[in-house]
Number of protein chains: 2
Amino acid sequence: MTTPEIMSNGGKPQPFSDQCPSREILELIGGKWSLLILCLLKSGPMRTSLILRSIQGISQKMLTQTLRDLKRAGIVGRRSYGEVPPRVEYYLTPLGASLSVVALQLEQWVVDHYEQVVAAQDLFDTPQTA
Amino acid sequence: MTTPEIMSNGGKPQPFSDQCPSREILELIGGKWSLLILCLLKSGPMRTSLILRSIQGISQKMLTQTLRDLKRAGIVGRRSYGEVPPRVEYYLTPLGASLSVVALQLEQWVVDHYEQVVAAQDLFDTPQTA
DNA sequence: CTGCATCCTTTTCGATACTG
DNA sequence: CAGTATCGAAAAGGATGCAG
């Protein structure tokens with residue numbers, strides 16, 4: 001079985017295996033929308049339509065798809081009231097809540113350093129005549 | 001200017017702006033290979049060819065491209081010895097080092113929880129006859 | 001409202017060949 | 001060895017229409 005080899009390089013880096021499940025999970029989390037949704041749900045359960053309106057630029061297809069993947073991974077839960085019109089809420093599972101803590105740290109890093117990053121990018125893009 | 005709105009939702013979630021630079025940075029970091037590279041470089045500077053061999057499944061194109069983006073963002077640095085054949089090393093900048101701390105936490109989460117995630121996925125995929 | 005299926009466009013990525 | 005450019009395959013993503 002493939003244990004997460006991500007951590008196991010102490011100077012002599014073993015190759016990061018291709019079929020390592022960590023990679024897959026990392027991609028799910030690192031996906032374009034996952035972190036954003038996680039952050040939204042941190043405040044509590046939310047209806048689909050509200051999430052859709054809260055994340056500018058996401059399409060319904062991507063939202064449904066991402067939510068489905070997150071649900072499959074046990075990170076979010078889905079509650080459907082048997083109403084008409086339908087009413088569905090998504091919420092963080094305990095597992096998702098533990099992840100959201102880490103996600104928050106990553107986002108905090110971005111908040112703390114994005115000016116520095118943007119500055120670096122601008123400098124990089126400058127065709128320094130000197 | 002667009003401040004990182006990622007954090008600024010206290011119950012009443014403002015829409016996550018589309019042009020928010022945080023989003024772009026998050027995507028860079030969340031990219032398929034960035035975290036892996038970051039983790040590799042945590043142990044010290046490394047030559048291009050070694051990185052290439054250490055990350056199974058990455059192509060030279062993607063490696064070059066990712067390294068370029070990371071360098072542009074000021075996260076990694078590049079040192080070129082003026083030798084023939086060429087010899088280039090990449091390393092974490094102080095900015096990159098600070099990020100790698102957070103990245104490590106994310107990876108630690110995956111290591112700690114991936115069994116749980118995989119179990120959830122398996123359960124989800126099971127066409128539960130009951 | 002929520003979610004799925006279809007079509008079609010855009011983007012991503014790998015393979016290859018080539019320069020310094 | 002390190003990096004670039006090009007091309008074609010593959011995947012991602014948006015728009016739309018439809019069902020529950």
Side-chain angles (χ1 to χ4, degrees), chain A residues 13 15-19 23-37 40-41 45-73 76-91 124-125 127, chain B residues 13 15-16 18-19 23-24 26-37 40-41 45-73 76-91 124-125 127:
Chain A
F16 285 165
S17 167
D18 208 354
Q19 304 126 288
R23 288 260 288 263
E24 190 186 332
I25 297 173
L26 225 36
E27 282 174 39
L28 167 61
I29 297 170
K32 195 170 183 177
W33 310 108
S34 302
L35 243 26
L36 263 13
I37 293 176
L40 265 185
L41 294 185
M46 202 172 294
R47 294 189 59 166
T48 312
S49 53
L50 182 55
I51 303 179
L52 189 62
R53 269 174 286 135
S54 298
I55 302 181
Q56 192 176 355
I58 196 174
S59 64
Q60 222 232 22
K61 180 185 183 179
M62 287 316 295
L63 178 59
T64 302
Q65 190 171 304
T66 305
L67 283 174
R68 188 179 183 283
D69 289 341
L70 290 176
K71 179 178 190 317
R72 187 174 98 98
V76 306
R78 190 190 117 117
R79 176 196 315 274
S80 172
Y81 304 77
E83 302 178 359
V84 174
R87 173 205 188 124
V88 176
E89 280 183 352
Y90 288 89
Y91 55 91
F124 185 93
D125 295 337
Chain B
F16 285 167
D18 208 355
Q19 303 126 290
R23 289 260 287 264
E24 189 186 333
L26 225 36
E27 282 175 39
L28 166 61
I29 297 170
K32 194 169 182 175
W33 310 108
S34 303
L35 244 25
L36 263 13
I37 294 175
L40 265 185
L41 294 185
M46 201 173 295
R47 294 189 58 167
T48 311
S49 53
L50 182 55
I51 303 178
L52 190 61
R53 267 174 288 136
S54 298
I55 302 180
Q56 192 177 352
I58 195 174
S59 64
Q60 221 232 20
K61 180 184 182 179
M62 288 314 296
L63 177 59
T64 303
Q65 189 171 304
T66 305
L67 283 173
R68 190 181 182 280
D69 289 340
L70 291 176
K71 180 180 188 315
R72 187 174 99 97
V76 306
R78 190 190 116 119
R79 176 195 319 275
S80 171
Y81 306 77
E83 302 177 359
V84 173
R87 175 207 188 121
V88 176
E89 280 183 353
Y90 289 89
Y91 55 91
F124 185 94
D125 295 338

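Order of the sequence lines fixes the chain letters, A, B, ..., with proteins taken first and strands second; residue numbering starts at 1 for each chain.
- OP1 or OP2 of dA2(D) sits under 4.0 Å from a side-chain N or O of Ser49(B).
- Of the candidates dG14(C), dT2(C), dC4(C), the closest approach to any side-chain atom of Thr48(A) belongs to dT2(C).
- Taking only side-chain nitrogens and oxygens, Ser80(B) never comes nearer than 4.0 Å to OP1 or OP2 of dA2(D).
- Put simply, the side chain of Thr66(A) does not reach to within 4.5 Å of the side chain of Leu28(A), judged on heavy atoms.
- For Arg79(A) and Tyr91(A), the positive end sits near the middle of the six-membered ring, less than 6.0 Å away and at most 45° from its axis.
- Per the geometry, NZ belonging to Lys61(A) stands 10 Å off C1' belonging to dA11(D), to the nearest Å.
- With distances taken from any side-chain atom of Val88(B) to the nucleotides dG14(C), dT2(C), dA2(D), the minimum falls on dA2(D).
- Side-chain nitrogen and oxygen atoms of Arg47(A) include at least one within less than 4.0 Å of the OP1 or OP2 phosphate oxygen of dT2(C).
- Comment: Glu24(B) engages Arg72(B) in a salt bridge, judged by a side-chain N to carboxylate O separation of less than 4.0 angstrom.
- At dG3(C), one or more side-chain N or O atoms of Tyr90(A) fall inside 4.0 Å of OP1 or OP2 (strictly under the cut-off).
- Both Arg68(A) and Pro85(A) lie close to DNA chain C; mapped to their nearest nucleotides by heavy-atom distance, the more 5′-ward contact belongs to Pro85(A).
- Rounded to whole Å, atom C1' of dC1(D) lies 16 Å from atom CE of Met46(B).
- In this structure, Leu63(A) atom CG and dC1(C) atom P are separated by 13 Å, rounded to whole Å.
- The base of dG14(C) has none of its N or O atoms less than 3.5 Å from a complementary donor or acceptor on the side chain of Gln60(B).
- Residue Met62(A) contributes atom CE, which lies 15 Å from atom P of dG3(C) at whole-angstrom precision.
- For the pair Ile55(A) CD1 and dG13(D) C1', the computed distance is 16 Å after rounding to whole Å.
- Here the P atom of nucleotide dT12(C) and the NZ atom of Lys32(B) are 13 Å apart, to the nearest Å.
- Of the possible donor and acceptor atoms, none in the side chain of Ser34(A) sits under 3.5 Å from a partner among the backbone N and O of Gly30(A).
- Contacts of Pro86(A) with the nucleic acid, taken as non-hydrogen atoms under 4.0 Å apart, include base atoms.
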Run the numbers on Val88(A) and Arg78(A) for side-chain contact (heavy atoms from CB on, under 4.5 Å), then give the verdict.
CA-CA 7 Å; Val88(A) 176; Arg78(A) 190 190 117 117; 3.6 Å; yes
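- Heavy atoms of Gly31(B) sit nowhere under 4.0 angstrom from any nucleic acid atom.
- One can place CD of Gln65(B) at 15 Å from P of dT6(D), the figure rounded to the nearest angstrom.
- At the heavy-atom level, Gly82(A) lies nowhere under 4.0 Å from the strands shown.
- The CD1-P distance, from Ile51(A) to dC1(C), rounds to 14 Å in whole Å.
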